[in-house]
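Each chain gets a letter, A, B and so on, in the order the sequences are listed, and its residues count up from 1. As a basis for the values below, the full set of heavy atoms in this structure was taken, side chains included, without hydrogen atoms, waters or symmetry mates.
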Amino acid sequence: MTQVKDSGPIVGYVQVDPEVIIEGDVATIECKSVYYKHVNQAIRTAFAGGVKTVKLMNVNGQRYIGTGISGKDLRIEVNGTAGQDMAMFMDGPTVEVFGNAQDGVGNTMNAGKVVIHGDAGDVLGYGMRGGKVFIKGDVGYRVGIHMKAYESLVPIMVCGGKSRDFFGEYMAGGLLVLLGMNSQFDGPLVGGYVGTGMHGGAIYLRGEVEPWQIGKECGIFTADEDDLKVLRPVIEEYCAAFDMDAEEVLSQPFTKLVPISHRPYGKLYTYV
Amino acid sequence: MPISLIQPEFKVKIDYDKCHKCGRCVQQCGWGVYSFNERPIPDDSKCRACHRCVTYCPAHCINITKNDLAYRTNDHWDPALRKAVWRQAETGGVMLTGMGNDKPYQNIFDHLVLDACQVTNPSIDPLREPMELRTYLGRKPDNVDVEPDGQGGYRLKGGDKISKNIKLNTPIIFSPMSYGSVSLNVHKSLAMAAERLGILMNTGEGGLHADLYPYQDNVIVQVASGRFGVNPEYLNRGAAIEIKVGQGAKPGIGGHLPGEKINKEVSETRMIPQGSDAISPAPHHDIYSIEDLRQLIYSLKEASGYKTVGVKIAAVHNVAAIASGIVRAGADYVYLDGFRGGTGAAPQIIRDNVGIPIEIAIAVVDQRLRDEGIRNQASIIAAGSIRSSADLAKAIALGADAVGIGSTALMAMGCHLCQGCHTGSCSWGLTTQKPELTRRVDPEWGAERLTNLVNAWSHELQEILGALGVNAVESLRGSRERLRAIGLDQQTCDILGVKPAGR
């Protein structure tokens with residue numbers, strides 16, 4: 001794992017402290033071949049030292065970027081491919097990825113904003129309670145599972161491309177949007193088991209889906225004007241992040257999925 | 001047609017000659033057994049034999065007996081099975097119940113006996129000589145170097161290499177029971193007792209209520225598939241973090257805390273809306289492999305400044321291989337929950353038929369980790385019906401570092417094992433959120449009783465150790481040579497690594 005070579009291709013990550021350049025309140029961290037633990041320690045040290053923006057250069061799969069970091073006015077820029085569990089448990093900061101992200105983005109996230117100028121992997125926003133995750137392109141399986149809202153915390157995730165199976169499974173709150181626009185997939189907008197076990201929140205899909213794709217706990221509607229009032233500010237913010245045209249996004253009808261019951265399993269049991 | 005074919009399980013008998021007609025039984029019963037018309041009139045069908053009314057009757061005039069209504073004898077069709085068929089025919093529902101597996105499986109602890117010293121290697125009197133129960137949970141180094149300390153002794157060289165361990169004054173912790181399944185006063189009692197005893201309580205998966213913040217150094221915070229109440233603050237408050245994968249009472253099953261139990265306070269602590277079901281998916285959807293588990297363990301470490309992270313699993317058939325994977329994934333302790341372990345609510349069919357005994361699980365996990373040379377990398381906590389200090393001592397001799405007590409802790413606070421936790425109407429105020437019931441547990445009273453219990457067990461453990469002629473619980477750990485089996489078959493003895501008595 002920690003083989004050091006002077007030249008040639010990267011053989012792995014090296015357990016060394018990365019090079020950090022601080023200019024004003026901006027820190028630039030060179031992440032090439034640096035082990036994730038040292039990258040993340042450098043990020044935490046930079047923020048603890050009063051830096052407001054951290055720019056990560058040549059990121060190549062380092063895990064846990066922004067994980068567990070709190071602070072509203074903090075910003076992390078990721079140049080490269082972010083690794084697993086980015087922005088997990090994050091509480092406030094903004095993370096912008098110029099590249100793709102892997103699995104687990106925004107896992108159990110509390111607040112903040114994640115913008116990904118590319119595709120992302122599986123298990124995005126698992127158990128997410130607040131904040132926003134905007135993904136420009138496609139997403140994988142198990143996206144938005146068990147997102148949940150609590151009072152002022154309402155998680156929002158917008159995926160610009162297409163999604164695979166289990167989109168919004170067990171969803172308990174928040175807003176999950178799938179646009180199907182910036183996609184490299186040939187297949188349908190979304191896979192099967194959409195919203196299975198859903199008991200809160202709302203899913204908006206740009207376009208139509210077949211009933212077989214949708215969990216039996218969901219009611220299927222066409223988004224009306226009231227829904228668009230909810231959707232419009234979200235889409236506008238999303239489009240601003242990616243330089244897209246909100247009107248074009250909103251020009252197509254959306255399918256809305258909401259739970260039939262807040263207690264889908266309330267009648268399943270008999271008491272002994 | 002009758003409303004139900006099921007006849008009451010118990011008979012409530014009131015001696016009206018003695019009865020004061022005070023109505024206290026009416027007020028005390030959480031199940032609504034009593035109505036009052038000049039005198040209390042019981043509805044037998046609602047009684048769960050929790051003895052709340054019996055305990056509080058000033059005239060001692062209430063008696064609860066088994067309904068000895070005869071069923072045609074049939075060893076194949078226990079009356080409980082017949083009743084289950086009727087109940088499901090009536091409702092079409094999955095039978096939900098509380099507490100642990102009550103079926104008559106062979107109890108291995110009751111077939112193990114401990115050794116003692118006689119004549120040679122004298123026993124030790126713990127009342128007069130030091131007897132060390134202190135236990136450290138967490139990863140131990142593969143090896144240590146020592147250097148002279150300049151005063152004729154030695155000290156550890158490079159002591160900073162040693163991972164953080166959690167100190168327990170006695171090898172007992174309170175098992176995870178979530179706020180929501182039990183009341184806040186129960187959580188407060190556990191937290192106060194844990195602080196006084198120098199041990200740990202575990203939040204369970206329902207988050208950490210703000211009233212428990214003063215006790216945070218004695219609290220394990222749990223992360224389960226529902227991720228209720230989990231945020232950076234929660235992770236940073238606990239003394240350790242535990243990933244709950246499974247529970248002995250319901251291996252492989254998620255949790256559904258019914259909406260009725262989600263009141264304002266529970267909703268705030270879990271950070272979910274009031275009145276909606278709190279659903280914990282069966283798996284963590286971000287853990288589908290040992291590699292994924294490692295990813296979660298290290299994300300929790302990253303988010304918490306590298307705290308102790310443990311993993312709780314139910315004892316199932318391949319528990320040894322699973323535990324090995326968990327240790328290799330980087331867990332600092334493995335929490336094994338046997339099939340007798342309690343629950344706030346579980347499908348009865350799962351509770352009574354899934355999983356393996358904790359005694360077997362401890363033995364095979366300890367042996368597997370030793371065989372692989374990784375036993376030092378993680379501690380083993382064993383739970384799932386540790387009923388006495390004898391069970392505690394035997395669990396440690398089989399290879400556990402410490403035990404967890406949940407049902408036993410509730411019993412210390414009044415629980416009578418009536419198995420009604422899932423109803424939310426616990427008359428003893430333990431597994432309920434109804435304010436008129438929860439106020440029955442005074443945290444100060446609860447903490448004192450828990451402290452008494454753990455202190456008593458600790459004294460008994462010291463006596464056992466003294467009899468064994470060792471002066472530290474460390475010397476009993478994994479020492480199966482100090483156990484013998486009575487009435488266990490050869491294969492079970494082999495699996496346990498215990499000889500039959502007489503060998």
Between A:Thr270 and B:Arg87, a side-chain donor and acceptor under 3.5 Å: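 The criterion, which ignores hydrogens and geometry beyond distance, is not satisfied for B:Arg87 and A:Thr270.
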
Is it the backbone or the side chain of [X] that comes under 4.5 Å from a heavy atom of chain A, or both, or neither?
X        : answer
B:Tyr234 : neither
B:Glu268 : both
B:Ser299 : both
B:Leu235 : side chain

Lys/Arg cation over aromatic B:Phe228: A:Arg129, 6.0 Å, 45° cone: no

Most chain B-contacting option - heavy-atom pairs closer than 4.5 Å, from A:Met90, A:His199, A:Arg142, A:Glu169: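 That would be A:Arg142.
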
Top contributor to chain B contacts, counting heavy-atom pairs under 4.5 Å, from A:Asp122, A:Ile69, A:Asn110: A:Asn110

Would the number of heavy atoms belonging to other residues, nucleotides or ligands and lying under 6.0 Å from [atom1] of [X] be above 12?
X        : atom1 : result
A:Lys216 : NZ    : no
B:Trp86  : CH2   : yes
A:Lys132 : NZ    : no
A:Tyr193 : OH    : no
B:Lys261 : NZ    : yes

Can you say whether [X] sits under 4.5 Å from chain B via the side chain, the backbone, both, or neither, judging by heavy atoms?
X        : answer
A:Asp85  : both
A:Ile145 : side chain
A:Tyr170 : side chain

Distance-minimising heavy-atom pair for [X] and [Y]:
X        : Y        : answer
A:Tyr126 : B:Ser225 : OH-O, 2.7 Å
B:Ala303 : A:Phe89  : CB-CD1, 3.7 Å
A:Ala149 : B:Pro273 : O-CD, 3.3 Å
A:Thr108 : B:Arg227 : OG1-NH1, 3.1 Å
B:Pro232 : A:Asp91  : CG-CB, 3.8 Å

Matching residue for B:Glu302 among A:Lys37, A:Gln41, A:Arg44, A:Arg63 - test: side-chain hydrogen bond (donor to acceptor under 3.5 Å, both in side chains): A:Arg44

Gap between atom CD of A:Gln84 and atom CZ of B:Arg294 - 0.5 Å precision: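 Going from CZ on B:Arg294 over to CD on A:Gln84, the span is 13.0 Å.
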
Reported CG-to-CG distance for the pair B:Leu296 and A:Asn107, which is rounded to 0.5 angstrom: 7.0 Å

Can you tell which of [options] has the highest number of heavy-atom pairs within less than 4.5 Å of chain A?
options                               : result
B:Gly98, B:Ser276, B:Gly226, B:Ser304 : B:Gly226
B:Lys83, B:Glu9, B:His285             : B:His285
B:Gly420, B:Ser267, B:Pro281          : B:Pro281
B:Val223, B:Leu300, B:Thr97           : B:Leu300

Check: A:Tyr64 side chain, B:Gln295 main-chain N or O, donor-acceptor pair, under 3.5 Å: yes

Whether A:His146 side chain and B:Ile279 backbone form a donor-acceptor pair below 3.5 Å: yes

Ring pair (Phe, Tyr, Trp, His ring centres under 6.0 Å) contacts in which one or both residues fall within residues 258-278 of chain B, not counting sequence neighbours: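 Found none.
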
Residues 341-348 of chain B: residues contacting chain A (heavy atom under 4.5 Å, by number):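 Result: B:Gln348.
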
